[in-house]
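Have a look at the structure below before the remarks.
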Amino acid sequence: MELPNIKILDESNKILRKKSKDVTFPLDDETKKLIDDSLTYLEMSQIDEYIEKYDLRAGMGLSFVQIGILKRIFVISEELENSEFKRYVLINPKVISRSEELIYVGEGEGCLSVNRPVTGIVPRNARITVEAYDIDGNKFTIRVREDIAVAFQHELDHLDGILFVDRIDKKNPFKNKDFMREI
Ligand code: NI
C-alpha cells in the first residue's frame, strides 16, 4: 500500500489555532478524496509494517485543519482486532449532550500535530452524543463512550482551534485527578 500524500501541520503553525467553518453539500471530489486518504493514512499509521516503512507516528484521528483546511470535518479510524478498522467521518458535528462523568486517558492523549512529550490530565466527558452529516450530506446522530468519546472531543476541539495541551492545567497538570476516572 502506498502512503497517501497527507502533510500534517505541526502545532507551531498558527492555522491550528483557527476556527474551522461549516461545510456545504454536495462535497467536491477533492474533499471526498482527502477524507478517504486521511482514513487510509491513519490506518497505515496503526500497522507496524507501515510504521517502520514510512517512519510514522501512530494516530487514530485527524481533523481537516491539521492538513491546513479550515472545514469542519474530522475522521477517526479505530483499530479493532485482526487489522480491521472502524471508520468514523463527521462533517459539521455538533455535541448535543455530554455525560457529567469525567474521564482522562492515563497514558495521556496524543496528537499528530504535537511532536513532543506532554504530561498531565485532559478532562473529557465519559459519553457524548453528537449530531453530524455523513459524506453524502445525510444527518445522523451518534453516541460514543470511553476512548472513542475522548477521540471525538479531541477532534471537536481541533475544529475550534484548541489543542489537547491547552486543556492541561499549567500550574497543576494533575489537577482534580481524583474526581475523574482514568481509562
Ligand atoms: Ni490532534
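Counting starts at 1 for both ligands and their atoms, in listed order. By convention here, the first residue in the shown sequence is residue 1.
Within a radius of less than 2.8 Å around the Ni ion (ligand 1), the protein N, O or S atoms are Cys111 SG, His154 NE2, His158 NE2.
Taking Asp160 as the reference, Lys19, Arg72 meet the side-chain hydrogen bond (donor to acceptor under 3.5 Å, both in side chains) condition, with sequence neighbours excluded.
For the pair Lys177 and Phe179, the cation does not sit on the ring face, since its NZ or CZ is not both under 6.0 Å from the ring centre and inside 45° of the axis.
Between Arg181 and Glu146 a salt bridge is recorded (basic side-chain N to carboxylate O distance below 4.0 Å). Salt bridge annotation for Asp48-Lys53: absent, with no cationic side-chain nitrogen under 4.0 angstrom from a carboxylate oxygen.
Between Ile121 and Lys175 there is no side-chain heavy-atom pair separated by less than 4.5 Å.
A side-chain donor-acceptor contact under 3.5 Å links Gln66 to the backbone of Ser63.
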